[in-house]
Protein chains: 2
Amino acid sequence: MKIGAISKATGLGIHTIRFYEKKGLIHRAKKDDSGHRVYNSKDVELLNWIACMKNSGMPLSRIENYAHAFYSDNNLASLNILEDHLNKLYQQQADLQHYIDVTSEKVARLKKS
Amino acid sequence: MKIGAISKATGLGIHTIRFYEKKGLIHRAKKDDSGHRVYNSKDVELLNWIACMKNSGMPLSRIENYAHAFYSDNNLASLNILEDHLNKLYQQQADLQHYIDVTSEKVARLKKS
DNA sequence: TAACTACCTAGACCATACTCTAGGTCAAGA
DNA sequence: TCTTGACCTAGAGTATGGTCTAGGTAGTTA
C-alpha cells in the first residue's frame, strides 16, 4: 500500500501524511525499491486514530504521545493516554452543553422580544 | 471603562481586544481626551459573547457576522446567526458523542487484553 | 519511444489567531 | 520634578497545522 492508497483509506491528504512523518508523529515509512513509502494495515489503523483524535480537537503534540505508545505496543501507556483523552472529551462535552444552554437561552430571549 | 478593565471583565487579553478591533470584529472604540479607548456595558456584553463563541469553536470570521448583527440592533439577523450557531453546536455534540463512543470502546478492549 | 501517472525531496508559502516589541504619551502619586 | 503605570500606534514575530511548488525519478500504457 503506497501513500496514495493510504491517503484514500484514511481521508488524510498525501501532503499531510508526509507532514506527520516529518514531524515525527508517525514513524518514517519503509521504502520500496523505487523509494516509495510502503504502508500496512497497522499504519492505516494508526492514521485512522490520528484522524479521529485530531477531529476531536487533540493537538498533534498529544497525538504524538499516543502514537509512541501505539508503536511501542505498550498497552498500558496507550490505555493511559486514551483514558486521559476520554476525560478531555467528557470535559468538552460538559463545556459544549454549557454553551448550548447559554445560546438556547439567548435565542429564546430574542424570540420573545 | 478602559481597555484594562474590560480585559479583566471578559477574560480577553488587551492585545487580543485591540487585535479584534483591528480585524473589524468589534467597532473602533471611542477614545477619551488622552486617546484611550473607552468601553461601556454593551461592549462587555459583546466581548463576553465573542469569548463564548470563540471557546465553542466558532472562527472569528463567523463571529464577525454576529458582531455586525449585534451592532445593527437587528434582532432577526442576530437570531439567525445564533440559531445557526446552535445547530453547529448540536452537530459538534453528536460528533463528540461519536468520538466518546469509539474511544470508550477502544479503552474497554485494551482493558480486557 | 513518448506520454502519463504516482511518487520522491527540500523547502517555501499560507491561514488563523494571537502575542509581543519599540518607541512614545499622559496623569497621578512620592 | 521624577517615576510609575496604563495606555497609544505600527508593525514584527510566534504557534499550529497544514498545503503547495520546483525539479526530478520510476514504472505503465498507447
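Keep in mind it's a predicted model, so treat the numbers as computed, not measured. Numbers restart at 1 for each chain; the letters A, B, ... are given by sequence-line order, proteins then strands.
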Item checked: Side-chain N,O (Arg37(B)) to OP1/OP2 (dC8(D)) below 4.0 Å ->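 Yes, such a contact exists.
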Checklist line | Stepwise salt bridge (charged side-chain N to carboxylate O under 4.0 Å, His left out) check, Lys42(B) with Asp73(B) | finding: CA-CA 11 Å; Lys42(B) 229 191 150 186; Asp73(B) 277 322; 3.3 Å; yes
Minimal non-hydrogen separation, [X] against [Y], with atom names:
X: Glu21(B); Y: Tyr39(B); result: OE1-OH, 4.0 Å
X: Ala29(B); Y: Val38(B); result: CB-O, 4.1 Å
X: Asn74(B); Y: Ala77(B); result: OD1-N, 3.0 Å
X: Leu79(B); Y: Lys111(A); result: CD2-CG, 3.8 Å

So which protein N/O to nucleotides 23-26 of chain D N/O distances come out below 3.5 Å?
{"unit_1": "dA26(D)", "atom_1": "O3'", "unit_2": "Ser34(A)", "atom_2": "OG", "d": "3.1"}

Next item on the list: Nearest 0.5 Å please: distance from the CG atom of Leu60(B) over to the CG atom of Asn65(B).
Entry: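 So the CG of Leu60(B) and the CG of Asn65(B) are separated by 11.5 Å.
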Check: Do Met58(B) and Tyr90(B) belong together in a cluster built from hydrophobic side chains that touch within less than 4.5 Å?
Finding: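 Yes, because Met58(B) and Tyr90(B) connect within a single hydrophobic cluster, where side-chain heavy atoms sit under 4.5 Å apart.
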Notebook entry, point to check: Just by distance, do the side chain of Thr103(A) and the backbone of Ile100(A) share a donor-acceptor pair under 3.5 Å?
Noted result: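 Side chain of Thr103(A) to backbone of Ile100(A), a donor-acceptor pair under 3.5 Å: no, none is there.
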Notebook entry, point to check: Short question: side chain of Asp43(A), backbone of Asn40(A) - any donor-acceptor pair under 3.5 Å?
Noted result: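 It does hold such a pair.
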Checklist line | Evaluation steps, side chain to side chain contact (heavy atoms under 4.5 Å, CB included), between Tyr66(B) and Met53(B) | finding: CA-CA 10 Å; Tyr66(B) 176 74; Met53(B) 291 191 277; 3.2 Å; yes
Check: Between Gln91(A) and Asn87(A), does any side-chain donor sit less than 3.5 Å from a side-chain acceptor?
Finding: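 No, because no side-chain N or O of Gln91(A) sits under 3.5 Å from a partner of the opposite role on Asn87(A).
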Checklist line | Five-pair end axes of the helix from dT1(C)-dA30(D) to dA30(C)-dT1(D) and the angle they enclose, rounded to 10° | finding: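 The angle, to the nearest 10 degrees, is 10°.
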Next item on the list: Could you list by number each residue of residues 2-9 of chain B showing a heavy-atom separation from DNA chain D of less than 4.0 Å, or answer none if no residue does?
Entry: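 DNA chain D contact set from residues 2-9 of chain B: Lys2(B), Ile3(B), Gly4(B).
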Next item on the list: Kindly indicate whether the side chain of Lys31(B), heavy atoms from C-beta on, has any atom under 4.5 Å from the side chain of Arg37(B).
Entry: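 Sidechains of Arg37(B) and Lys31(B): in contact.
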Check: Checking ring pair (Phe, Tyr, Trp, His ring centres under 6.0 Å) for the pair Tyr71(A)/His27(A): CA distance, chi angles, key distance, verdict?
Finding: CA-CA 8 Å; Tyr71(A) 282 123; His27(A) 280 180; 3.5 Å; yes
Next item on the list: Identify the 5'-most and 3'-most nucleotides of DNA chain C with at least one atom closer than 4.0 Å to a non-hydrogen atom of chain B.
Entry: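 The contact span of chain B on DNA chain C goes from dA17(C) to dA27(C).
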Note to self: Assess the residue pair Asn80(A) and Asp84(A) against the criterion (side chain to side chain contact (heavy atoms under 4.5 Å, CB included)); give the C-alpha distance rounded to whole Å, side-chain angles, the decisive distance to 0.1 Å, and a yes or no.
What the structure shows: CA-CA 6 Å; Asn80(A) 281 335; Asp84(A) 189 33; over 6 Å; no
Notebook entry, point to check: Residues from residues 11-28 of chain A sitting under 4.0 Å of DNA chain C, heavy atoms only?
Noted result: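 Within residues 11-28 of chain A, the residues near DNA chain C are Ile14(A), Arg18(A), Lys22(A).
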Give every donor-acceptor pair under 3.5 Å between a side-chain atom in residues 3-11 of chain A and any protein atom, sequence neighbours left out.
{"unit_1": "Ser7(A)", "atom_1": "OG", "unit_2": "Leu12(A)", "atom_2": "O", "d": "2.7"}
{"unit_1": "Thr10(A)", "atom_1": "OG1", "unit_2": "Ile6(A)", "atom_2": "O", "d": "2.8"}
{"unit_1": "Thr10(A)", "atom_1": "OG1", "unit_2": "Leu12(A)", "atom_2": "N", "d": "3.3"}

Next item on the list: Can you tell me the distance, in whole Å, between the CD atom of Glu64(A) and the C1' atom of dA15(D)?
Entry: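 That distance rounds to 15 Å.
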